[in-house]
Structures are given as structure tokens and as C-alpha cells.
Amino acid sequence: MDKKNFGDLWNKIALKEIDSIIALCKSNGLRTEQRNKNTSDFKKDIYSRYECERASFRSRAKIKDNGKLDRHKVAALFYVAFVDKEPNEKGKAEFPFIVYYNNSRVHDLDAIITHEIAFNVARGIMESFILSDSEIDSGYREHINKNGIREPKLICFGEKDKTSYKEEVLKLLIYSQREKKLSVAQLSILFSSIENNTLVKYESSK
Amino acid sequence: MPKNMLSQKAIELVTANDGSFGKAKARLQELLQPKNSEMSVKKVKWQPCKGDW
């Protein structure tokens with residue numbers, strides 16, 4: 001992805017999602033800091049990691065030089081690049097967002113809000129790809145424009161469990177990262193399945 | 001999809017006013033544990049169809 005395209009993606013999708021979660025934290029009395037306080041440097045940071053992950057994925061998956069990546073892989077690459085931890089000035093690996101409550105660190109919240117932003121942006125990337133592709137069925141594009149990518153039903157859980165598909169998936173992705181097994185290939189399968197669920201819902205509603 | 005639902009839940013757990021930040025952190029760790037679905041599994045004995053064996 002060239003810098004301009006990434007800049008558009010950043011301004012039109014990522015910044016909105018970041019602002020939405022930071023506002024949520026603020027309204028509940030939590031302070032959020034960006035690891036890289038300069039917003040422009042932060043964007044460059046993520047872009048550089050995106051490009052690095054992309055090159056590595058293409059090389060390992062042996063994707064030909066002229067082969068474009070599909071929307072699920074682009075969403076997966078962004079997710080992995082965004083949640084990546086980097087060492088702070090003390091050499092400790094940190095998420096891009098750091099949360100404080102009454103001046104105390106809440107490390108698990110760093111993971112939760114970072115992953116939730118990444119997931120929301122990944123969904124936005126898939127929706128944008130669908131909406132801008134004139135070769136895709138116009139009815140499906142209209143459906144996505146109106147409803148967005150829909151969350152699949154969480155199988156085997158009931159109302160009393162008070163959870164959702166996205167919530168359980170996010171927890172497992174946080175766990176995968178802790179195990180150092182967050183994979184672009186597997187995330188693209190996940191995003192493809194989520195979109196497929198939306199497509200099936202659309203097809204059956206016709 | 002519900003927006004920022006996990007973050008909302010986590011923030012509520014941390015800011016719950018019970019005076020203990022330690023407890024809040026423990027609740028957050030509990031939230032992060034993936035839930036197990038409570039499936040009711042019917043025990044079905046294999047019933048080979050009648051016939052010549």
C-alpha cells in the first residue's frame with residue numbers, strides 16, 4: 001500500500017475508531033496515552049510495520065510480485081501491524097495505547113482497547129473495499145452500506161452468558177498475541193469467515 | 001456489530017467504585033478469560049443398526 005492510500009485509510013477509518021475509544025475512556029475518567037505522542041509519527045510507525053508485515057507475509061506465502069492482496073489479508077495485515085508491541089524508553093514492550101486510572105496503569109485495558117480499535121478498523125477496511133469495488137453485486141454493496149459487516153452468532157452461548165462473538169474473538173486474539181501466535185494468514189481466514197457470514201445473511205434475505 | 005463492547009465492559013469493571021484497584025484488576029483478568037460455552041451434551045449410545053453382521 002502506498003503512503004497516500006495508507007494516509008487515507010488512516011484519516012478516514014483509523015482516526016475515527018481511535019477517537020471513539022479514547023472518548024469512551026475519557027468519559028469514564030480514564031486517561032489514555034499514545035505510545036508515540038506525535039500523531040504523525042504514530043501513523044508512520046504503523047505504516048512502517050504494515051509494510052514490513054506485508055513484505056514478510058508475501059515472501060513467506062510466496063505471493064507473486066504483481067499479485068494484489070485481497071481485502072481480508074489487508075485487514076489482517078493492518079490488525080497485526082496495529083496491535084504490535086514496541087519497547088518503551090525502559091525497554092519494556094508496550095501496546096500503542098496506554099491506559100491509566102487514578103494515575104495507576106491498567107495493563108489489560110491497554111490490550112483490550114488496542115485490539116478493539118484494530119478490529120473496528122479491520123472491519124472498516126473490508127467495508128471500504130466492498131463499497132468501492134464496482135465489480136461486486138450492487139445489492140450486496142448497498143446491503144453493506146446500510147448494515148455494515150454483521151457479527152456472526154456466537155454458537156453454543158445463550159443470553160445468560162452476556163457475551164458476543166466479537167467479544168470472545170477479541171479475547172482469543174489477545175491470548176494469541178500473548179502466545180506470540182497472532183498470524184496474518186489465520187486472521188485473514190477469520191475476516192473472510194466474518195464477511196462470508198454477512199454475505200450468507202444478505203443472500204438469504206433476498 | 002456492537003461498538004467497543006469489550007472496552008466498555010472492561011472500563012466499567014475498572015471504574016466500579018468499590019475502593020479496591022487490586023480487585024478491579026483481578027476482575028479485568030477474569031473478563032479476559034475466554035468463556036466456555038455450557039453445552040448440554042446428551043449421551044447417545046451408539047446403536048448399531050439391526051442386520052446381519
Side-chain angles (χ1 to χ4, degrees), chain A residues 16-17 20-30 32 97 99-117 119-120 123 127 147-152 154-158 160-176 178 194 197-198, chain B:
Chain A
K16 280 185 193 162
E17 299 299 343
S20 151
I21 292 224
I22 289 182
L24 178 67
C25 289
K26 199 175 173 186
S27 66
N28 284 279
L30 293 155
T32 315
F97 292 94
V99 187
Y100 294 87
Y101 179 59
N102 291 339
N103 290 324
S104 300
R105 285 291 308 276
V106 194
H107 294 275
D108 283 336
L109 255 183
D110 300 351
I112 290 169
I113 69 161
T114 302
H115 276 260
E116 190 136 41
I117 294 169
F119 194 94
N120 294 345
R123 192 194 56 213
E127 289 169 357
N147 308 298
I149 301 270
R150 291 174 72 172
E151 182 173 7
L154 188 57
I155 300 162
C156 299
F157 287 77
K160 64 180 169 47
D161 292 307
K162 294 187 173 66
T163 187
S164 68
Y165 177 88
K166 183 183 168 191
E167 186 175 327
E168 293 308 308
V169 162
L170 281 176
K171 290 178 195 175
L172 292 170
L173 292 176
I174 291 169
Y175 178 67
S176 301
R178 284 181 184 164
I194 291 175
N197 172 72
T198 309
Chain B
M1 291 189 193
K3 269 274 195 182
N4 309 328
M5 196 174 159
L6 184 61
S7 301
Q8 176 81 54
K9 269 191 189 178
I11 289 167
E12 281 169 12
L13 286 180
V14 171
T15 56
N17 189 19
D18 68 353
S20 165
F21 189 58
K23 275 186 192 169
K25 281 188 165 180
R27 284 197 301 264
L28 203 53
Q29 278 174 9
E30 202 177 307
L31 173 73
L32 268 178
Q33 287 164 11
K35 279 193 182 190
N36 279 312
S37 57
E38 291 172 17
M39 287 178 72
S40 57
V41 181
K42 284 182 188 166
K43 283 185 184 169
V44 180
K45 282 184 186 169
W46 182 54
Q47 295 177 318
C49 55
K50 289 172 187 170
D52 295 324
W53 288 95

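If you're wondering where the values come from, they're calculated on a predicted model, not measured in any experiment. To find a chain, count down the sequence lines: A is the first, B the second, and so on, and within it residues start at 1.
The structure places CD of A:Glu17 at 6.5 Å from CG of B:Asn4, a figure rounded to the nearest 0.5 Å. For the atom pair CD (B:Gln8) and CD1 (A:Ile113), the distance works out to 13.0 Å, reported to the nearest 0.5 Å. Taking CG of A:Leu30 as the reference point, atom OG of B:Ser7 lies at 10.5 Å (rounded to 0.5 Å). A distance of 9.0 Å separates CD1 of B:Ile11 from CD1 of A:Ile112, quoted to the nearest 0.5 Å.
With chain B as the partner, the residue from A:Leu154, A:Ile174, A:Ile155, A:Leu24 showing the most heavy-atom pairs under 4.5 Å is A:Leu24.
Residue contact with chain A, scored on non-hydrogen atoms closer than 4.5 Å, involves the backbone and the side chain of B:Leu31 alike. With a 4.5 Å cut-off on non-hydrogen atoms, B:Gln29 touches chain A through its backbone and its side chain both.
Taking every heavy atom of both residues into account, A:Glu167 and B:Leu6 meet most closely at CG-CD1, 3.4 Å. Contact record, A:Tyr101 with B:Val14: CE2-O, 3.6 Å, taken as the closest heavy-atom pair. Here the closest heavy-atom approach between residue B:Thr15 and residue A:Asn28 is recorded as CG2-O, 3.3 Å. The shortest non-hydrogen separation linking A:Arg178 to B:Leu32 is NH2-CD1, 3.6 Å. Taking both residues in full, the closest heavy atoms of A:Ser164 and B:Met5 are given as OG-SD, 4.0 Å, listed atom of the first, atom of the second, then distance.
Between A:Lys171 and B:Lys35, some side-chain heavy-atom pair lies under the 4.5 Å cut-off.
The number of heavy atoms from other shown groups lying within 6.0 Å of OH (A:Tyr100) is above 12.
Every residue two or more places apart in sequence or in another chain that forms a salt bridge (charged side-chain N to carboxylate O under 4.0 Å, His left out) with A:Arg105 is listed here: A:Glu94, A:Asp110.
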